Number of protein chains: 6
Amino acid sequence: MTNSTHEFTDDARNRDILISVNGELFPRDKAVVSVFDSGFILGDGVWEGLRLHAGGITFLRAHIERLYEGARAIDMDIGIDPDDLVARIFACLEANAMTDGVHIRLMVTRGVKATPYQDPRATITPATIVIIPEYKTPKLEVIERGMRLITVHVRRGAPDVQDQKLNSHSKLNCITACIQATKAGADEALMLDPLGFVATCNSTHFFIVRRGEVWTSTGQYCIPGITRSAVIRVCRDNGIPVFERQFSLYDVYGAEEAFVTGSFAGLAAVREVDGRPLSHPLTRHPQWQGPGPMVKRLTALYQDLARREAARHL
Amino acid sequence: MTNSTHEFTDDARNRDILISVNGELFPRDKAVVSVFDSGFILGDGVWEGLRLHAGGITFLRAHIERLYEGARAIDMDIGIDPDDLVARIFACLEANAMTDGVHIRLMVTRGVKATPYQDPRATITPATIVIIPEYKTPKLEVIERGMRLITVHVRRGAPDVQDQKLNSHSKLNCITACIQATKAGADEALMLDPLGFVATCNSTHFFIVRRGEVWTSTGQYCIPGITRSAVIRVCRDNGIPVFERQFSLYDVYGAEEAFVTGSFAGLAAVREVDGRPLSHPLTRHPQWQGPGPMVKRLTALYQDLARREAARHL
Amino acid sequence: MTNSTHEFTDDARNRDILISVNGELFPRDKAVVSVFDSGFILGDGVWEGLRLHAGGITFLRAHIERLYEGARAIDMDIGIDPDDLVARIFACLEANAMTDGVHIRLMVTRGVKATPYQDPRATITPATIVIIPEYKTPKLEVIERGMRLITVHVRRGAPDVQDQKLNSHSKLNCITACIQATKAGADEALMLDPLGFVATCNSTHFFIVRRGEVWTSTGQYCIPGITRSAVIRVCRDNGIPVFERQFSLYDVYGAEEAFVTGSFAGLAAVREVDGRPLSHPLTRHPQWQGPGPMVKRLTALYQDLARREAARHL
Amino acid sequence: MTNSTHEFTDDARNRDILISVNGELFPRDKAVVSVFDSGFILGDGVWEGLRLHAGGITFLRAHIERLYEGARAIDMDIGIDPDDLVARIFACLEANAMTDGVHIRLMVTRGVKATPYQDPRATITPATIVIIPEYKTPKLEVIERGMRLITVHVRRGAPDVQDQKLNSHSKLNCITACIQATKAGADEALMLDPLGFVATCNSTHFFIVRRGEVWTSTGQYCIPGITRSAVIRVCRDNGIPVFERQFSLYDVYGAEEAFVTGSFAGLAAVREVDGRPLSHPLTRHPQWQGPGPMVKRLTALYQDLARREAARHL
Amino acid sequence: MTNSTHEFTDDARNRDILISVNGELFPRDKAVVSVFDSGFILGDGVWEGLRLHAGGITFLRAHIERLYEGARAIDMDIGIDPDDLVARIFACLEANAMTDGVHIRLMVTRGVKATPYQDPRATITPATIVIIPEYKTPKLEVIERGMRLITVHVRRGAPDVQDQKLNSHSKLNCITACIQATKAGADEALMLDPLGFVATCNSTHFFIVRRGEVWTSTGQYCIPGITRSAVIRVCRDNGIPVFERQFSLYDVYGAEEAFVTGSFAGLAAVREVDGRPLSHPLTRHPQWQGPGPMVKRLTALYQDLARREAARHL
Amino acid sequence: MTNSTHEFTDDARNRDILISVNGELFPRDKAVVSVFDSGFILGDGVWEGLRLHAGGITFLRAHIERLYEGARAIDMDIGIDPDDLVARIFACLEANAMTDGVHIRLMVTRGVKATPYQDPRATITPATIVIIPEYKTPKLEVIERGMRLITVHVRRGAPDVQDQKLNSHSKLNCITACIQATKAGADEALMLDPLGFVATCNSTHFFIVRRGEVWTSTGQYCIPGITRSAVIRVCRDNGIPVFERQFSLYDVYGAEEAFVTGSFAGLAAVREVDGRPLSHPLTRHPQWQGPGPMVKRLTALYQDLARREAARHL
């Protein structure tokens with residue numbers, strides 16, 4: 001369907017999963033929310049994408065902390081304690097007998113409204129908590145092929161409008177960026193910040209490799225990515241120079257390598273941006289030969305870290 | 001619950017309404033959408049608030065045209081023809097035996113996803129169409145009391161991020177503005193545009209009256225309000241000077257009157273902005289004495305127009 | 001001292017003027033305010049420059065209304081009624097036996113502080129009202145010579161910082177622009193708005209004449225100039241096309257004529273901007289030959305209006 | 001009067017203080033400046049708030065250097081040497097027999113004008129130098145209570161308009177922010193920068209504590225605070241991670257602690273911002289229990305440093 | 001080669017044209033400029049694209065006036081009088097025996113440098129004047145096919161950087177926009193202004209038709225297009241509502257028709273923008289059926305005007 | 001002619017130099033490009049200024065890498081390998097028998113067009129490569145005199161318009177800044193970035209020295225200067241604190257020293273900015289006494305590094 005790393009194998013097992021809605025388990029076609037739900041009417045909620053590995057959830061505490069921090073930013077009470085929330089996730093996984101290769105969507109919205117109106121005081125139930133676990137694995141051939149990005153006119157916006165650090169249910173900004181990339185024949189949209197510098201991709205974080213250094217944006221115009229943060233950490237732990245900094249497309253077009261990160265696929269190499277193949281500027285006639293040496297090294301380091309950081313408790 | 005004009009009487013009749021979901025009618029507690037719905041997961045949809053008057057819907061064609069235009073902006077196919085959509089609305093109203101005093105929420109989202117992912121190509125059903133009709137009438141005493149606005153730091157954003165002309169399900173920007181106004185003890189938030197000029201309120205449009213002229217913002221940072229447009233039209237039809245223009249809080253603080261507009265309450269007078277009572281600057285010790293002469297005149301003219309413009313067909 | 005139109009003749013009569021401070025009259029060297037005054041400590045006040053003509057004050061009501069509107073914008077109570085304030089001005093003029101050729105500085109600050117602190121609640125007296133009337137007449141030779149403007153890097157700012165419509169005692173923005181123009185050898189600074197379009201000059205308003213049309217800025221980044229407004233009015237009354245609009249230096253450099261306006265000097269012709277002499281672009285080797293035909297015509301029309309609009313009462 | 005830390009005890013001793021105006025000493029009600037003073041007419045000056053401790057002035061050299069640097073930024077000649085200025089301050093303190101618990105307002109304006117006009121060349125005297133020493137001590141109960149901040153729409157502006165690094169007499173920007181906070185029932189206004197990130201408070205500097213780290217803004221949109229700088233220094237000297245960086249309200253709402261700093265009160269804890277109590281996001285039902293551990297530790301470290309850094313000479 | 005309207009027939013007659021360089025005529029391969037020319041080294045010049053029709057040049061005076069106005073904006077002396085420049089153009093056309101169907105590139109750069117350095121004072125010759133006349137006619141099939149536009153991330157910039165009203169030799173901004181459109185498979189790039197509103201296309205001006213009205217941008221971020229101006233004029237002369245106004249992509253996606261204009265091809269219809277076919281929003285399943293009724297009407301009106309406005313003298 | 005450091009001695013040897021155009025050598029007056037060249041018509045190219053020292057080119061690899069990186073940014077194929085390009089440069093130098101004291105302008109444009117049109121696909125030849133070597137040495141007396149800078153209204157722009165990191169042939173932005181500085185009587189223009197902070201000078205990079213630290217801008221709004229980079233490197237290598245950071249004119253006016261850098265003159269001291277002499281703020285009556293101690297030290301360190309880094313091969 002799509003040619004991005006998010007392309008999923010239609011794993012037959014997903015037809016029969018049980019989904020947790022406010023603590024109760026439902027089969028896929030019975031997992032519903034009210035049409036008065038704040039999430040449906042208003043995009044009023046926060047969410048996490050979690051990865052189950054060998055029975056533990058990778059970077060569990062970081063995900064849960066980000067969820068609660070996001071809830072506070074929108075002045076929403078999640079209603080249950082973090083430990084109880086984690087317990088509820090694992091209860092759902094156990095009911096599905098899942099232990100590995102699973103991607104979990106954890107969503108919390110402000111609850112059901114008395115009537116469709118934006119004021120939080122019109123909410124008449126506690127927060128709605130939905131947990132969807134699915135078997136999903138990134139396709140290897142997509143990763144080998146390399147992603148093609150296009151810079152789109154749709155921007156990441158200012159923090160005084162909708163803070164880009166918030167991982168919310170109000171996703172139209174990213175969706176319209178995604179649409180534009182599709183129209184232009186690319187796999188993913190590269191998005192600029194309000195000043196015209198590189199911010200992030202529509203559903204992943206973006207890194208470049210320049211003269212042996214690893215650069216990503218300042219982080220002011222994207223969610224505080226957990227895979228992003230893990231990549232920075234493995235760089236630091238392994239003596240690879242890494243910088244969160246402002247940079248422009250000039251720096252991207254002249255990079256040796258680039259890659260995107262996300263909870264789902266980890267790292268995925270980028271082969272070209274705006275039709276310009278990535279390679280050192282002194283290289284002539286560059287040809288895509290698969291992920292470069294830095295992407296390969298960081299992928300191995302990241303996977304190792306992710307394995308070590310899978311947990312069942314905060 | 002809230003002291004804004006959106007405060008609603010808990011009309012007992014609303015407990016037993018029938019809600020249309022994809023053309024089928026459900027009682028209130030059975031009206032649901034999948035947890036995979038694009039609206040719930042991503043705020044990916046557009047909506048209208050319609051007002052039923054004497055069997056017709058006020059400004060029906062303008063509402064339907066705006067809905068289809070919004071769908072096109074986000075490259076979403078509503079899936080049924082405008083005439084069929086109108087028929088579905090009236091079918092729902094008839095099933096409820098409703099003819100007047102009813103507010104209708106018409107919502108269209110991109111449909112159900114194969115998996116929770118933002119790419120529109122991950123959608124596996126046609127658009128989800130939900131119609132919620134409720135008995136709702138603005139409380140007179142709220143209107144008499146006059147609204148208190150506070151200018152908030154939360155801004156309307158740039159069109160290249162999320163076009164403010166789009167009336168979407170991704171409403172977090174307005175919700176955080178609403179929260180800030182509540183924290184500051186006000187009824188509604190006055191929001192500025194990216195340049196610091198007056199844009200609009202969080203759930204209504206904003207007008208001021210200065211030296212006998214009626215001013216509203218340029219319209220570049222708010223949805224193309226249908227009540228707003230009707231007020232402009234009655235001004236023009238009645239020789240009242242009216243301007244869509246850039247203006248700042250300086251102009252607001254020195255205005256004689258101000259009011260907000262919306263499909264629900266029509267016009268509602270504003271008594272103060274940022275703690276400054278509104279009256280001509282040469283008036284000393286101004287006291288709130290109810291809606292001013294221009295608000296009263298425009299209210300009458302608007303109600304007359306709204307009555308004339310209620311329709312059952314495009 | 002300065003080569004702008006504000007250059008003043010050291011009129012010997014000004015040595016013995018009486019100045020009104022809070023309603024009492026003092027000779028020049030006894031006219032003082034407390035070091036705790038909000039004006040001195042914080043620039044917390046608003047003011048007007050008025051022109052006495054044949055016993056009346058030109059555009060009196062407009063000036064007084066602007067003063068009270070400015071006070072409301074900063075939530076300051078002037079403390080006395082507009083009529084009483086006007087009476088106080090004329091009492092001061094009469095004590096000085098002044099009837100013509102006089103420029104009056106009318107200043108209102110928030111009053112004396114208990115201690116030097118910015119919170120208005122630290123103020124312990126009513127507003128301070130100072131009225132300084134001086135004999136001042138623009139020098140004819142300066143007007144004949146034509147003004148030289150330079151565009152400076154100091155900008156007029158956004159309304160959410162300090163609204164440029166406010167004529168306040170916090171004037172450092174204009175002062176630093178004035179300093180820059182002086183350093184560059186020009187008479188007055190042309191200032192841009194936050195988007196880089198032409199806003200206004202540091203102490204006057206700016207107009208250009210292009211292909212027979214008169215253009216000035218939108219008015220969003222300057223005080224609502226009363227002479228500016230009068231020039232627009234005489235254009236409209238006499239069939240001269242006039243526009244308040246956004247324009248850039250490209251439009252200025254290609255203008256046939258330009259001029260500045262102010263309460264003190266009325267209109268003053270501009271001979272060059274950024275070292276480019278002003279004349280129709282198809283004119284080669286332009287030479288300054290005094291104010292152009294439009295400036296002359298508007299000056300006559302303005303002076304006629306100003307004479308007619310001098311008043312002693314609101 | 002006010003509920004901020006700037007609230008002062010009406011110390012009876014302040015009624016009889018001597019104030020230095022241009023080197024001469026005057027009792028409180030005789031300490032005046034001309035109505036032609038650049039400070040009064042135009043807010044054209046720079047100032048410092050100094051703290052007398054055990055006979056020395058805390059961070060004396062930093063304050064004097066900042067004053068002279070500010071004067072240079074506005075191209076103003078203070079007229080006397082730094083050493084002479086310091087001598088004048090201590091002469092004033094000695095005349096008042098003050099040695100401790102004293103707050104000193106040191107103000108320098110461009111001097112008296114020939115006529116009220118903004119051009120510095122219209123100034124006819126040397127700079128006006130005013131020194132006001134007052135007994136003032138922050139109220140302990142206010143500090144224990146914790147401050148309530150609200151983010152306001154009034155912004156810190158761009159450096160090309162009025163450089164926020166300048167501590168000037170043109171304070172309307174901060175005053176209007178202060179007014180807005182008061183209207184919203186808060187103690188102090190939190191102000192954003194032109195990009196929507198956190199800048200500073202209206203009369204204090206702002207810090208947050210996140211995951212054991214201390215963050216304050218980049219410093220580009222506030223005066224180069226001397227207490228702010230001292231806090232950074234004690235962090236560095238004591239191995240506490242401290243960062244001057246760009247951050248948004250998302251980071252504030254999720255902070256464990258926050259505090260403001262100023263020459264007057266040193267550090268003061270913040271209990272809530274925009275109605276959101278501050279505590280670690282994984283804490284549920286947070287209750288204010290007085291200043292947190294980091295604020296307490298930094299307060300002690302700061303006070304120790306301030307004591308050591310009080311001086312009588314540059 | 002390209003699929004835009006600028007695609008040209010390789011007219012064999014163009015091989016033998018004579019080109020005017022500083023008044024002398026040269027065959028195509030001998031028409032050269034020094035490597036020290038300001039145009040080559042720095043893009044320091046202004047130009048016009050003129051259309052020869054029946055022996056006259058369409059809108060001749062407007063083109064020449066714009067050229068001289070542009071020269072003034074960059075403080076460049078063209079060196080010869082407008083009448084002499086026109087004579088030189090016609091001398092070149094006569095030497096080529098051209099009377100119709102010819103497109104003329106008229107270029108003026110600042111002249112030859114002593115050494116490659118940007119300061120205009122390093123120029124040692126008068127301006128370089130080059131006139132290239134070529135037989136070129138827009139291909140009908142391209143116009144019938146309709147243009148596909150894509151909105152690109154490359155923006156039109158602020159007037160304080162490089163005024164977009166200037167038609168200069170420094171064209172990299174437009175070239176990079178053109179490259180991005182090509183990479184995305186479109187015919188021409190739609191470019192936004194610094195605020196995110198629609199500015200113009202990379203080499204043409206852009207119009208939309210909405211509810212029977214014709215809209216184009218404010219003109220602040222594009223050259224003052226002569227064909228653009230002619231289209232506005234024919235609208236006004238024929239009672240078609242036309243507006244130069246701020247609008248966003250929302251308005252574009254919901255337009256009935258769109259078209260671009262330029263001196264070369266006049267008007268050319270747009271069939272889709274960002275992959276969204278243009279048609280009234282209430283139209284379902286829109287199909288391209290050639291230029292719409294408004295484009296056809298305006299094309300006829302424009303061609304008629306252009307024919308009437310071809311001249312040989314200013 | 002000019003009083004900047006770029007002022008050149010009219011070295012008689014330059015009359016007879018050979019210039020390389022596409023690999024062929026021509027005397028000065030025969031070195032030409034087609035009027036259809038992309039450089040001449042559109043400013044479509046990139047260039048380097050190289051310095052020959054003792055037979056090698058200073059920082060050769062950095063220059064060549066920047067050239068190829070710039071070409072990639074504008075999606076232009078230089079057409080020959082880096083090594084071949086270097087060989088071509090040295091062939092030209094050898095033909096001129098040059099070994100030292102030579103400044104080389106290396107220019108690459110997109111090649112000759114079929115017709116004057118901006119689309120890169122209209123180009124019909126490989127890239128045009130021009131190499132101009134000239135004897136040029138900065139005048140000592142200019143360096144001793146100290147440069148006078150003025151901050152101009154012309155800004156460095158956003159990266160989404162024309163990336164300031166690109167050293168292109170589209171130089172009108174810098175040229176108009178240069179013109180403004182000349183009109184104001186200064187040697188070079190100091191340019192701000194879009195936010196109003198200090199960016200760079202029109203043809204050089206800008207540094208200040210504050211309290212013993214060396215500051216330059218973040219580098220986001222200027223070309224990645226090679227001399228700039230060398231200065232940073234010698235600071236780091238010699239324990240001199242150096243920062244690439246955001247700063248404003250406030251910081252400049254209060255700096256002890258300032259200097260500009262470029263490939264031609266290395267370092268040149270600045271004596272004043274905006275008419276304010278540079279010196280420590282506590283210094284009264286500062287007098288220019290030649291380059292300060294930091295400029296002298298860095299000049300020596302830089303020259304030493306430059307000598308060591310001259311090369312003949314990549």
Side-chain angles (χ1 to χ4, degrees), chain A residues 2-3 147-158 160-162 164 172-202 206 217 221 247-254 270-278 286, chain E residues 2-3 147-158 160-162 164 172-202 206 217 221 247-254 270-278 286:
Chain A
T2 117
N3 56 349
M147 294 183 75
R148 296 174 199 268
L149 307 186
I150 193 152
T151 310
V152 295
H153 69 281
V154 185
R155 297 263 169 115
R156 290 300 177 113
D160 52 352
V161 176
Q162 184 174 326
Q164 296 298 321
L172 260 181
N173 167 250
C174 294
I175 293 167
T176 48
C178 176
I179 290 169
Q180 183 76 351
T182 301
K183 301 285 184 187
D187 297 325
E188 177 98 349
L190 185 57
M191 301 174 75
L192 304 181
D193 72 19
L195 296 173
F197 291 93
V198 173
T200 186
C201 291
N202 62 291
F206 180 70
S217 74
Y221 298 99
F247 61 91
S248 68
L249 288 170
Y250 176 94
D251 303 301
V252 174
Y253 297 150
V270 171
R271 64 185 298 171
E272 69 176 45
V273 177
D274 297 337
R276 290 157 178 86
L278 295 182
Chain E
T2 118
N3 56 350
M147 294 183 75
R148 293 173 200 270
L149 307 187
I150 194 154
T151 309
V152 295
H153 68 282
V154 185
R155 296 265 169 113
R156 290 300 177 113
D160 52 352
V161 176
Q162 184 174 326
Q164 296 298 322
L172 260 181
N173 166 251
C174 294
I175 293 167
T176 48
C178 176
I179 290 169
Q180 184 76 351
T182 301
K183 301 286 185 186
D187 297 325
E188 178 96 349
L190 185 57
M191 301 174 76
L192 303 180
D193 72 20
L195 295 173
F197 292 93
V198 173
T200 186
C201 290
N202 63 291
F206 181 69
S217 74
Y221 297 99
F247 61 92
S248 69
L249 288 170
Y250 176 93
D251 303 301
V252 174
Y253 297 150
V270 171
R271 68 184 296 171
E272 69 176 46
V273 177
D274 296 337
R276 289 157 179 86
L278 296 182

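Treat the numbers as computed from the prediction; the structure is a model and nothing was measured. Throughout, a chain's letter reflects where its sequence line sits, starting with A, and its residues are numbered from 1.
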**Asked** Under 4.5 Å between any side-chain heavy atoms of A/I179 and E/R276, yes or no?
**Response** yes
**Message:** Rounded to the nearest 0.5 Å, what separates atom CG in E/L249 from atom OG1 in A/T176?
**Reply:** 10.0 Å
**Complete:** Closest non-hydrogen contact found for E/T151 with A/Q180 is O-NE2, 3.0 Å
**Item:** Residue pair E/L190 / A/H153, side-chain heavy-atom distance below 4.5 Å
**Value:** no
**Item:** Spacing of E/E272 atom CD and A/K183 atom NZ [to the nearest 0.5 Å]
**Value:** 8.0 Å
